[in-house]
Amino acid sequence: MVKLMEYVPLDVYVKQKTRPLLFVFVVCAIGALMGGVHPGLVVISAVIAVVIFSHLKNRHYPKAWNETVGKMARDAREKDEEDFRETISRHLPVLARKRNMLITKDDYGNVIVDKWIKEKEYYIRKLNYFPCITPYYSGMDAFDQSLILDGMINEFLQTSDIEIIDVSDMTPTEYEHYCADILREQGWEARVTQGSGDQGVDVIAEKNGIRIAVQCKKYSSPVGNKAVQEITAGKGFYGADYGMVVTNNTYTASAKQLANSQLIFLLHHDDLYSVDELIDVSNQVA
């Protein structure tokens, strides 16, 4: 954690530094006169002292103050960035997923970032992060925050075990198998149901005596209430301990509300990489 120094205005700083010197010069001059030193030498010494004092007051100490304030500004910026990084770190998995989903290419191969830029602006605005504003530092602006956010997402993707895969070209069936494969990578025995008569359940997975029923929704729009209703029924039909809806998109507000009331998990497929932590499998060994 960066410890910020106390801010002192320039005029106060210069006074603090020059006041003792002025006192010493005056005392020396008086002492010289009372000690019998030739007045001419005292005058010459006084002129030299005035030149030195003027240099210290008008050049040396202001320069030292600027260097000190510059360091204070850098320290404040460092603390501001540190606090901002800490604030957004918990959202990195979601932000990485959002960026992957919102940055697309058109039919001509042009990269379209408009939706991602809009999403970043929305996120930063709703984050309600308060910059480290001081008398010598005005805080990061939205542009700086946006750059840091993108940099942190890149760092997260480089160090995370989660591989961001473009599922846009998958068929719904391929998407179901993709979700089952992720669960298998986490040590689950997962199988894709046969479709007809599956009671709204696409994948059944078991581990340590725990059974989960998963409905997979590869959608181009937010998933709504119907999926939650179907997986609620399917969970009971298969005798599953947990019901989950998994999508490549997001969920409507009403779907989230219904899922909360039915204890249904609404996930993005990347969340399947941490499903064990989500339901705390280690503490539920049969």
Participant: Any side-chain heavy atom of V203 within less than 4.5 Å of one from L183?
Facilitator: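 In short, these two side chains touch, coming nearer than 4.5 Å.
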
Participant: Are side-chain heavy atoms of L56 and K17 found at a separation under 4.5 Å?
Facilitator: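 Not in contact.
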
Participant: Set out, in order, the CA-CA distance, both residues' side-chain angles and the distance that settles side chain to side chain contact (heavy atoms under 4.5 Å, CB included) for R85 and E155, then state yes or no.
Facilitator: CA-CA 12 Å; R85 285 176 172 273; E155 293 171 4; 3.7 Å; yes

Participant: So does E174 have more than 12 non-hydrogen atoms from other groups sitting under 6.0 Å from CD?
Facilitator: yes

Participant: May I ask you to test the V223-T250 pair for a side-chain heavy-atom distance under 4.5 Å?
Facilitator: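 In short, these two side chains do not touch, never coming nearer than 4.5 Å.
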
Participant: With side chain to side chain contact (heavy atoms under 4.5 Å, CB included) as the test, would you mind laying out the steps for L258 and Q229 before giving the verdict?
Facilitator: CA-CA 8 Å; L258 180 60; Q229 294 167 349; 3.7 Å; yes

Participant: Side chain to side chain contact (heavy atoms under 4.5 Å, CB included) for V245 and Y251? Distances and angles first, verdict last.
Facilitator: CA-CA 10 Å; V245 181; Y251 298 90; 3.8 Å; yes

Participant: Taking C-beta and beyond as the side chain, do Y175 and N248 meet within less than 4.5 Å on heavy atoms?
Facilitator: yes

Participant: Are the side chain of S54 and the backbone N or O of V50 linked by a donor-acceptor pair below 3.5 Å?
Facilitator: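 A pair under 3.5 Å: no.
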
Participant: Is a side-chain donor-acceptor pair under 3.5 Å present for N225 with S254?
Facilitator: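 A donor-acceptor contact under 3.5 Å links the two side chains.
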
Participant: Side-chain contact test, heavy atoms from C-beta onward, threshold under 4.5 Å: evaluate it for R99 versus K115 and give yes or no.
Facilitator: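 No, every pair of side-chain atoms sits at 4.5 Å or beyond.
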
Participant: Do side-chain atoms of N208 reach the backbone of I210 as a donor and acceptor pair under 3.5 angstrom?
Facilitator: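 Side chain of N208 to backbone of I210: no pair is present.
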
Participant: Under 3.5 Å, is there a donor-acceptor pair between the side chain of N260 and the main chain of K256?
Facilitator: yes

Participant: A side-chain contact here means heavy atoms from C-beta on lying under 4.5 Å apart; do L266 and V228 qualify?
Facilitator: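 Contact flag for L266/V228 side chains = yes.
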
Participant: If I take atom OH from residue Y238 and atom CZ from residue R211, how far apart are they, to the nearest 0.5 angstrom?
Facilitator: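 Y238 OH to R211 CZ: 9.5 Å, rounded to 0.5 Å.
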
Participant: Look at R191 together with E206 and state whether they make a salt bridge at an N to O cut-off of under 4.0 Å.
Facilitator: no

Participant: Applying salt bridge (Lys or Arg N to Asp or Glu O under 4.0 Å), run through E78 and K71 and close with a yes or a no.
Facilitator: CA-CA 10 Å; E78 184 178 339; K71 182 180 184 307; over 6 Å; no

Participant: Just wondering, do K207 and E189 contact through their side chains at under 4.5 Å, heavy atoms?
Facilitator: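 The answer is no, as the side chains (C-beta and beyond) never meet within the 4.5 Å cut-off.
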
Participant: Side chains of D150 and W116 only: does a donor on one sit below 3.5 Å from an acceptor on the other?
Facilitator: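 Looking only at side-chain atoms, W116 and D150 do form a donor-acceptor pair, the distance falling under 3.5 Å.
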
Participant: Is any side-chain heavy atom of L267 closer than 4.5 Å to a side-chain heavy atom of L278?
Facilitator: yes

Participant: For a side chain to side chain contact (heavy atoms under 4.5 Å, CB included) check, start with the C-alpha distance between K235 and I264, then their side-chain angles and the critical distance, and finish with the verdict.
Facilitator: CA-CA 9 Å; K235 170 178 173 287; I264 298 296; 4.3 Å; yes

Participant: Atom CZ of R125 and atom NZ of K120: how far apart are they, to the nearest 0.5 Å?
Facilitator: 14.0 Å

Participant: With no hydrogens and no angle check, do the side chains of K57 and T18 hold a donor and an acceptor under 3.5 Å apart?
Facilitator: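 Checked: K57/T18 side chains show no N/O donor-acceptor pair below 3.5 Å.
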
Participant: Between Q215 and G200, is there a donor-acceptor pair closer than 3.5 Å when you use the side chain of the first and the backbone of the second?
Facilitator: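 At least one qualifying donor-acceptor pair exists.
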
Participant: Can you classify the ring geometry of Y242 versus F265 as parallel (below 30°), tilted (30 to 60°) or perpendicular (above 60°)?
Facilitator: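 Taking F265 first and then Y242, their aromatic rings sit tilted (interplane angle of 30° to 60°).
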
Participant: Set out, in order, the CA-CA distance, both residues' side-chain angles and the distance that settles salt bridge (Lys or Arg N to Asp or Glu O under 4.0 Å) for K218 and D169, then state yes or no.
Facilitator: CA-CA 10 Å; K218 181 181 174 291; D169 293 331; over 6 Å; no

Participant: When you check the gap from the basic side-chain N to the acidic O, do D75 and K79 get nearer than 4.0 Å?
Facilitator: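 Between K79 and D75 there is no salt bridge, as every charged N stays at least 4.0 Å from the carboxylate O atoms.
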
Participant: Counting only heavy atoms not in Q16 (residues, nucleotides, ligands), do more than 12 fall under 6.0 Å from its CD?
Facilitator: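 Yes, enclosed.
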
Participant: Between D80 and Y137, is there a side-chain donor-acceptor contact under 3.5 Å, judged purely by atom types and distance?
Facilitator: yes

